Amino acid sequence: DGGITQSPKYLFRKEGQNVTLSCEQNLNHDAMYWYRQDPGQGLRLIYYSQIVNDFQKGDIAEGYSVSREKKESFPLTVTSAQKNPTAFYLCASRTSGQETQYFGPGTRLLVL
Amino acid sequence: GESVGLHLPTLSVQEGDNSIINCAYSNSASDYFIWYKQESGKGPQFIIDIRSNMDKRQGQRVTVLLNKTVKHLSLQIAATQPGDSAVYFCAESSSSYKLIFGSGTRLLVRP
């Protein structure tokens, strides 16, 4: 099966803890994205990466970090500096030269 | 079906009727537009896209209309089915790497 996978589906974070959300794609897409979605709202861009070993901040990068060591993987770490992390996190990817982004199934992060 | 703007977040239609979901975009330089469908607890699913050199594009049961004069985009769904119930987002792009999303419209299909 080709596509974008995100894990885990649900994640619980304790106060002061860093957690990492996984995003993997086997579509050979060059660019990958992380979005945050709050209830009843649209998607806001956290970070994006257009090529391996390079990434840029989006609109709401504070309290988050990413890495892009492999083309197929773009993990997102939600740090303890992110004071309101409860949200639905979506990963997307696209191929070079095309604007269409394709999304994974999402990870819901909850704070204990 | 009735048309609503994004300031009305829910559209309710009778099964079998046509649905029209509207979206106003802000950047006159945007040249690519896309509609996504998001079911509860899932990631957005691509429906249809359109470039600014077109004013209409049709897919299977869906049509996207673009009016650049008033910066307006609409999604028409023909013969709406219960499986069409979801939140629909429009997005615009003026560069190849970044999409700007609207806040979404919830479509409810009455049996």
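Model, not experiment: these values are computed from the prediction. So you know, we letter chains A, B, ... as the sequences are listed, proteins then strands, and number each from 1.
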Q | Criterion side-chain contact (heavy atoms from CB on, under 4.5 Å) on B:K98 and A:Q56, from CA distance to verdict | A | CA-CA 11 Å; B:K98 194 172 178 181; A:Q56 285 80 40; over 6 Å; no

(Q) Applying side-chain contact (heavy atoms from CB on, under 4.5 Å) to A:E99 and B:Y97, what does each step give before you reach the verdict? (A) CA-CA 7 Å; A:E99 292 97 332; B:Y97 63 88; over 6 Å; no

Q) Can you name the ring-ring contact (aromatic ring centres under 6.0 Å, His included) partners of B:F89, sequence neighbours left out? A) none

Q) Aromatic ring centroids of A:Y35 and B:F101 under 6.0 Å? A) yes

**Q.** Portion of B:I34 that has a non-hydrogen atom of chain A nearer than 4.5 angstrom
**A.** side chain

**Q.** Listed once per pair and sorted, the side chain to side chain donor-acceptor pair (under 3.5 Å) pairs that draw on residues 37-46 of chain B, sequence neighbours left out
**A.** A:Q37-B:Q38

Q) Do B:I50 and B:Y88 share a hydrophobic cluster, counting only Ile, Leu, Val, Met, Phe, Trp and Tyr and linking them when any side-chain heavy atoms are less than 4.5 Å apart? A) yes

Q.
Report which part of A:L90 has an atom under 4.5 Å of a heavy atom belonging to chain B: side chain, backbone, both, or neither.
A. side chain

Q) Is A:V78 linked to A:F12 within one hydrophobic cluster, defined over Ile, Leu, Val, Met, Phe, Trp and Tyr using a side-chain heavy-atom separation of less than 4.5 Å? A) no

Q: Could you walk me through whether B:Y36 and A:F103 pass the ring-ring contact (aromatic ring centres under 6.0 Å, His included) test, one step at a time?
A: CA-CA 10 Å; B:Y36 287 96; A:F103 285 83; 5.3 Å; yes

Q: State plainly whether one hydrophobic cluster holds both A:Y64 and A:V111, where clusters connect Ile, Leu, Val, Met, Phe, Trp and Tyr through side-chain heavy atoms under 4.5 angstrom apart.
A: no

Q. Is a side-chain N or O of B:Y32 found less than 3.5 angstrom from the main chain of A:Q98, in a donor-acceptor match?
A. no

Q.
Using 0.5 Å steps for rounding, measure from the CG atom of A:D59 to the CD1 atom of B:I100.
A. 6.0 Å

Q) A:F74 and A:L45: same hydrophobic cluster, using ILVMFWY side-chain contacts below 4.5 Å? A) no

Q | Value rounded to 0.5 Å, distance of CG in B:L99 from CZ in A:R94 | A | 8.5 Å

Q.
For residues B:V62 and B:V109: do they belong to one hydrophobic cluster (side chain heavy atoms under 4.5 Å, members Ile, Leu, Val, Met, Phe, Trp, Tyr)?
A. yes

